[in-house]
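Scroll down for the structure; my scribbles are underneath it.
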Amino acid sequence: MKHSACIKLLSDLIDGETLTITNLSTNARMWSALHGERPSFYGLNMGLCLPFAVGVALAFPKRRVVAIDGDGSLIIETSSLITAADVRPANLTAVVFDNGVYSEMGETPTARRTDLAKMAGGAGIAHTATLRTMEEYEKALRAALAAKEFRFLVAKVERDDTLPFAGNYIKRSERGMKESFVDALKRLPDYPGER
Amino acid sequence: MDAEPARLIIEALKEEKIDLYVTLPEEPTVSLTQAVQADPYFQCVTVASEDGGVALTAGAAIAGRRAVFVTGIAGLLKGGLALMHMGPQYGIPVFILASYRGDFGDRSGISGSKLQVFRQVGEPFLQALRIPYQIAGERRTLKRTIRDAHFMCRTSDMPAALLLTGEVLW
């Protein structure tokens with residue numbers, strides 16, 4: 001599967017009410033370009049995307065939260081699988097785009113012989129899947145986004161360095177990105193904090 | 001930590017409307033965590049690593065939920081990279097209570113030479129990360145110190161750490 005095609009489909013299936021959290025690099029750039037100003041926190045450093053998304057999901061228990069992670073990011077903080085399995089927010093969906101390599105580092109492999117979905121299952125996440133075709137991916141994604149339970153999807157994608165979506169992600173300051181996200185959250189009717 | 005400081009901390013957390021308690025269990029704060037787990041006011045999340053604990057607490061905090069991460073100073077060292085990102089990089093108010101392992105009075109069974117490393121490195125580490133912190137060692141002022149630290153944390157968009165020691169902890 002093409003990474004960009006998978007990201008595009010995810011963007012098409014998610015409405016403006018959903019909160020999205022991304023890891024660094026390719027996911028952040030493509031998601032920023034596609035997802036525009038909808039509420040999203042872009043570019044969390046290695047290993048921090050999934051636990052951060054769990055925290056956001058606990059703050060907004062009635063709103064869908066999607067963690068958009070990568071294989072390199074996930075494997076640097078695998079203990080987050082244990083925490084996510086334990087907390088299992090019913091409103092959280094995790095999608096890991098697994099291209100098998102650190103995308104900024106040529107052919108340096110990431111998970112190598114490790115099956116990420118099996119690892120997540122071993123950590124105690126009840127619903128995991130590895131998706132290798134667009135048909136499988138779309139079916140599982142639609143089901144996960146509609147489910148009232150935590151689901152963990154691994155989409156096996158090809159390296160896709162073309163970045164077909166132009167965006168201004170790297171031109172934005174991270175403080176500015178964060179403030180935009182917070183401002184968007186504060187406009188939501190179920191925001192739990194002080195406005 | 002005995003029952004009284006645990007009670008004072010719980011009262012202060014409730015006064016600050018902090019209802020999400022995130023922790024990686026550590027010996028000196030076990031009684032606090034057990035009391036929190038027994039109190040239906042709190043949602044208690046036990047994390048599997050300090051990096052993840054910092055990130056989870058940050059995610060909740062940025063989304064408007066009042067949360068605290070309870071760990072030890074060794075945990076702050078372990079979670080230092082996450083703390084750097086959530087603090088100086090993003091400016092997210094992660095509120096932290098950390099047992100000050102290795103401070104004078106720590107008789108918790110780990111060798112003194114090992115504990116001393118935490119004491120020697122802990123505060124300079126927080127200073128290097130530019131994480132505001134304060135030492136809380138008196139029961140008499142504990143509740144006010146927690147309230148003040150949390151106010152500073154959430155109004156400055158920066159993490160803040162209280163290092164628990166003295167008669168609060170030992």
Side-chain angles (χ1 to χ4, degrees), chain A residues 19 21 23-24 39 41-61 63 65 67 73-74 76-89 92 123-124 173-188 190-195, chain B residues 16-25 37 42-69 71 75 78-96 130 150-151 153-159:
Chain A
L19 309 179
I21 314 295
N23 72 319
L24 283 171
F41 195 102
Y42 300 102
L44 277 156
N45 283 74
M46 299 289 276
L48 303 180
C49 179
L50 181 57
F52 191 93
V54 171
V56 174
L58 291 177
F60 280 93
R63 185 176 292 271
V65 177
S73 170
L74 181 73
I76 209 166
E77 180 62 27
T78 53
S79 65
S80 65
L81 292 170
I82 297 170
T83 303
D86 185 40
V87 180
R88 56 183 184 283
L92 178 63
S173 78
E174 283 161 325
R175 288 285 183 122
M177 178 278 299
K178 183 211 78 171
E179 292 301 329
S180 295
F181 183 60
V182 172
D183 288 345
L185 296 184
K186 287 184 175 179
R187 289 193 292 271
L188 298 174
D190 50 341
Y191 177 71
E194 295 173 8
R195 296 177 196 278
Chain B
E16 289 298 301
K17 298 182 172 56
I18 294 170
D19 66 351
L20 179 59
Y21 181 99
V22 183
T23 188
L24 200 155
Q37 287 170 329
F42 292 100
Q43 181 175 12
C44 183
V45 173
T46 303
V47 293
S49 80
E50 289 87 353
D51 317 66
V54 170
L56 195 156
T57 308
I62 198 175
R65 183 153 175 189
R66 295 195 175 187
V68 62
F69 181 44
T71 184
K78 170 68 171 62
L81 188 65
L83 203 51
M84 182 193 78
H85 291 308
M86 300 309 158
Q89 184 178 350
Y90 293 124
I92 298 176
V94 181
F95 186 48
I96 298 164
R130 293 180 279 141
H150 183 240
F151 178 80
C153 177
R154 66 189 179 83
T155 56
S156 65
D157 277 349
M158 273 294 285

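Each chain gets a letter, A, B and so on, in the order its sequence line appears, and its residues count up from 1. Small disclaimer: the values here were computed from a predicted structure and weren't measured.
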With only heavy atoms counted, which part of A:Leu185 is less than 4.5 Å from chain B, the side chain, the backbone, both or neither?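 A:Leu185 touches chain B through side-chain heavy atoms alone.
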Which answer fits A:Leu48, side chain, backbone, both or neither, if we ask what part of it has an atom under 4.5 Å from a heavy atom of chain B?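 Contact with chain B is through both the backbone and side chain of A:Leu48.
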Check B:Ile92, B:Leu56, B:Val54 against A:Phe52 for a side chain to side chain contact (heavy atoms under 4.5 Å, CB included) and give me the one that passes.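 Considering B:Ile92, B:Leu56, B:Val54, a side chain to side chain contact (heavy atoms under 4.5 Å, CB included) with A:Phe52 is found only for B:Ile92.
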Mind listing the closest non-hydrogen atom pair of [X] and [Y] along with its distance?
X	Y	result
A:Lys178	B:Tyr90	CD-O, 3.0 Å
B:Gln89	A:Arg175	O-NE, 3.3 Å
B:Ala63	A:Ala59	CB-CB, 3.4 Å
B:Ala48	A:Ser79	CB-O, 3.5 Å
B:Val45	A:Leu58	CG2-CD1, 4.0 Å

Heavy atoms only, distances under 4.5 angstrom: which of A:Val87, A:Val56, A:Ile82 has the most pairs with chain B? Name it, please.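 With the most close heavy-atom pairs to chain B, the winner is A:Val56.
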Would you mind telling me which of A:Gly55, A:Gly193, A:Ala57 has the largest number of heavy-atom pairs within less than 4.5 Å of chain B?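 Greatest number of close heavy-atom pairs with chain B: A:Gly55.
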Checking the side chain of A:Ser80 only, and the main-chain atoms of B:Gly52 only, is there a donor and an acceptor separated by less than 3.5 Å?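 No, the answer is negative, given that no donor and acceptor are paired below the 3.5 Å cut-off.
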Any sub-3.5 Å donor-acceptor pair from B:Arg65's side-chain atoms to A:Phe60's backbone N or O?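 No: the side chain of B:Arg65 does not pair with the backbone of A:Phe60.
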Chain A: which of B:Lys17, B:His85, B:Arg154 shares the most heavy-atom pairs with it under 4.5 Å?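 Most heavy-atom pairs under 4.5 Å with chain A: B:His85.
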Top contributor to chain A interface from B:Ala82, B:Ala60, B:Ala58, B:Ala55 [non-hydrogen pairs under 4.5 Å]: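 Going by pairs under 4.5 Å, I would pick B:Ala55.
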Quick one: do B:Arg66 and A:Glu194 satisfy side chain to side chain contact (heavy atoms under 4.5 Å, CB included)? Show the steps, please. CA-CA 10 Å; B:Arg66 295 195 175 187; A:Glu194 295 173 8; 2.6 Å; yes
Evaluate B:Met86 against A:Leu44 for side chain to side chain contact (heavy atoms under 4.5 Å, CB included), listing each step before the verdict. CA-CA 9 Å; B:Met86 300 309 158; A:Leu44 277 156; 3.6 Å; yes
Taking only residues at least two apart or on different chains, which pairs with a member in residues 50-64 of chain B satisfy side chain to side chain donor-acceptor pair (under 3.5 Å)?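 Counting only pairs at least two positions apart or across chains, the side chain to side chain donor-acceptor pair (under 3.5 Å) contacts touching residues 50-64 of chain B are B:Asp51-B:Lys78.
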Engaged part of B:Ile62 at the chain A interface, taking heavy atoms whose separation is under 4.5 Å: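 Backbone plus side chain of B:Ile62, per the 4.5 Å heavy-atom cut-off to chain A.
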Could you list the residues that satisfy salt bridge (Lys or Arg N to Asp or Glu O under 4.0 Å) with A:Asp190, not counting sequence neighbours?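 So A:Asp190 forms a salt bridge (Lys or Arg N to Asp or Glu O under 4.0 Å) with A:Arg63.
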